[in-house]
Amino acid sequence: DNTSRRLNFCSGDKFNTIQDEDKQNALEYRWPNLTTTEAVSKKAQIFWENQYNKHGTCCSELYDKEAYFDLAIELKDKFDLLKILRMHGITPGTSHHTSNQIKNAVKAVTKGVPNVSCFDNFRGTLTELLEIGICFNRAADRVIDCPLPKSCRPKGTKGITFP
């Protein structure tokens, strides 16, 4: 991202399958596809492909595909969102959270305002935390406030649930 707008789906080299098993294992451990099995994730690589085509193509002059995924692993280790949320009392299986609680927990560590995205169940009675995005400058060496940061507006009475 830059300071005024989100950068998504830029021009640049598109994803090709990661062949290195060590890299697959490192990504599966730190950046797994939570909607499928490990075996399917490593073979199809749909999640990593989507992430690279959406975000990696926007920094391809600075990071080739291999460097992009190395950077993703490094940033995951630096900003462990599960640990950050846990430090602020936001743990899996809890509810009654607000977007501001989640944003403030992340900002306390990263110093930047994150994106918080949620998913409403089909009945509109439950809002689950879906994704937290930390935004970086183009060189990915500094966290920035996410431009036009996303927030969640919970449906129902339970606030945001962390599944």
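None of these values were measured; they are calculated from a predicted model. Throughout, residue positions are numbered sequentially from 1 according to the sequence presented.
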Test of understanding: with side chain to side chain donor-acceptor pair (under 3.5 Å), list the residues that count as partners of Glu61, not counting sequence neighbours. Arg138

Can you confirm whether more than 12 heavy atoms, excluding those of Lys158, are under 6.0 Å from its NZ atom? no

Answer whether the closest heavy-atom distance between the side chains of Met87 and Val109 falls below 4.5 Å. yes

Is there a donor-acceptor pair under 3.5 Å between the side chain of Asn50 and the backbone N or O of Lys54? no

With the side chain counted from C-beta on, respond yes when Lys111 and Val143 share a heavy-atom pair under 4.5 Å apart, and no when they do not. no

One pair to check against side chain to side chain contact (heavy atoms under 4.5 Å, CB included): Ile84 and Asp80. What are the steps and the verdict? CA-CA 6 Å; Ile84 291 169; Asp80 184 335; 5.6 Å; no

Could you measure the distance from the CG atom of Leu27 to the CG atom of Asp22? Nearest 0.5 Å is fine. 11.0 Å

Atom of Thr110, atom of Phe79 and distance for their closest heavy-atom approach: CG2-CD2, 3.5 Å

Determine whether Trp48 and Thr17 satisfy the following criterion, side chain to side chain contact (heavy atoms under 4.5 Å, CB included), listing intermediate values before the conclusion. CA-CA 9 Å; Trp48 301 326; Thr17 304; over 6 Å; no

Could you check Gln24 against Gln19 for side chain to side chain contact (heavy atoms under 4.5 Å, CB included), going step by step and ending with a plain yes or no? CA-CA 8 Å; Gln24 288 179 14; Gln19 300 298 319; 5.6 Å; no

NZ on Lys107 to CD1 on Ile102, rounded to 0.5 Å: 15.5 Å

Would a 4.5 Å heavy-atom cut-off, applied to side chains only, mark His88 and Gln101 as touching? no

Does either side chain, that of Asn115 or that of Lys103, offer a donor lying less than 3.5 Å from an acceptor on the other one? no

Is there a side-chain contact between His96 and Thr161 (heavy atoms, below 4.5 Å)? no

Could you check whether any side-chain heavy atom of Phe119 comes within less than 4.5 Å of a side-chain heavy atom of Glu131, counting everything from C-beta outward? no

Same cluster for Leu130 and Ile90 if Ile/Leu/Val/Met/Phe/Trp/Tyr side chains link at under 4.5 Å? no

For Asp64, all residues meeting side chain to side chain donor-acceptor pair (under 3.5 Å), sequence neighbours excluded: none

So with a 6.0 Å cut-off around CG of Leu62, is the heavy-atom count from everything else above 12? yes

Where is the tightest heavy-atom contact between Ser99 and Cys152, given as atom of each residue plus distance? OG-N, 2.6 Å

Give the minimum heavy-atom separation between Ala26 and Ile73, together with the two atoms involved. CB-CD1, 3.6 Å

Do Val113 and Ile132 share a hydrophobic cluster (ILVMFWY, side-chain heavy atoms under 4.5 Å, transitive)? no

Is there side-chain contact between Leu85 and Thr91, with heavy atoms separated by less than 4.5 Å? no

What's the separation between atom OH in Tyr52 and atom SG in Cys58, rounded to the nearest 0.5 Å? 10.0 Å

State the CG-CD distance between Asn33 and Glu49, to the nearest 0.5 angstrom. 12.0 Å

Quick check: closest heavy atoms across Thr127 and Cys118, and the distance to 0.1 Å? CG2-CB, 3.4 Å

Do any N or O atoms from the side chain of Glu38 and from the backbone of Glu28 form a donor-acceptor pair under 3.5 angstrom? no

Would you say Thr57's side chain and Asn53's backbone share a donor-acceptor pair under 3.5 angstrom? yes

Does Asn121 use its side chain to pair, donor to acceptor, with the backbone of Leu126 at less than 3.5 Å? yes

As an exercise, state the distance from OG1 of Thr36 to CZ of Phe47, rounded to the nearest 0.5 Å. 12.0 Å

How are the rings of Phe69 and Trp31 set to each other: parallel, tilted or perpendicular (split at 30° and 60°)? tilted

Minimum heavy-atom distance between Asn16 and Lys65, given as atom pair plus value: O-NZ, 2.5 Å

Heavy-atom check, side chain of Ser151 versus side chain of Val116, under 4.5 Å: no

Quick one: closest heavy-atom pair of Gln45 and Phe15, and the distance? OE1-CZ, 3.3 Å

Does the side chain of Ile160 reach to within under 4.5 Å of the side chain of Thr98, using non-hydrogen atoms? no

Rounded to the nearest 0.5 Å, how far does OG1 of Thr37 lie from NZ of Lys42? 10.0 Å

Is it true that a side-chain atom of Tyr68 and a backbone atom of His55 form a donor plus acceptor pair closer than 3.5 Å? no

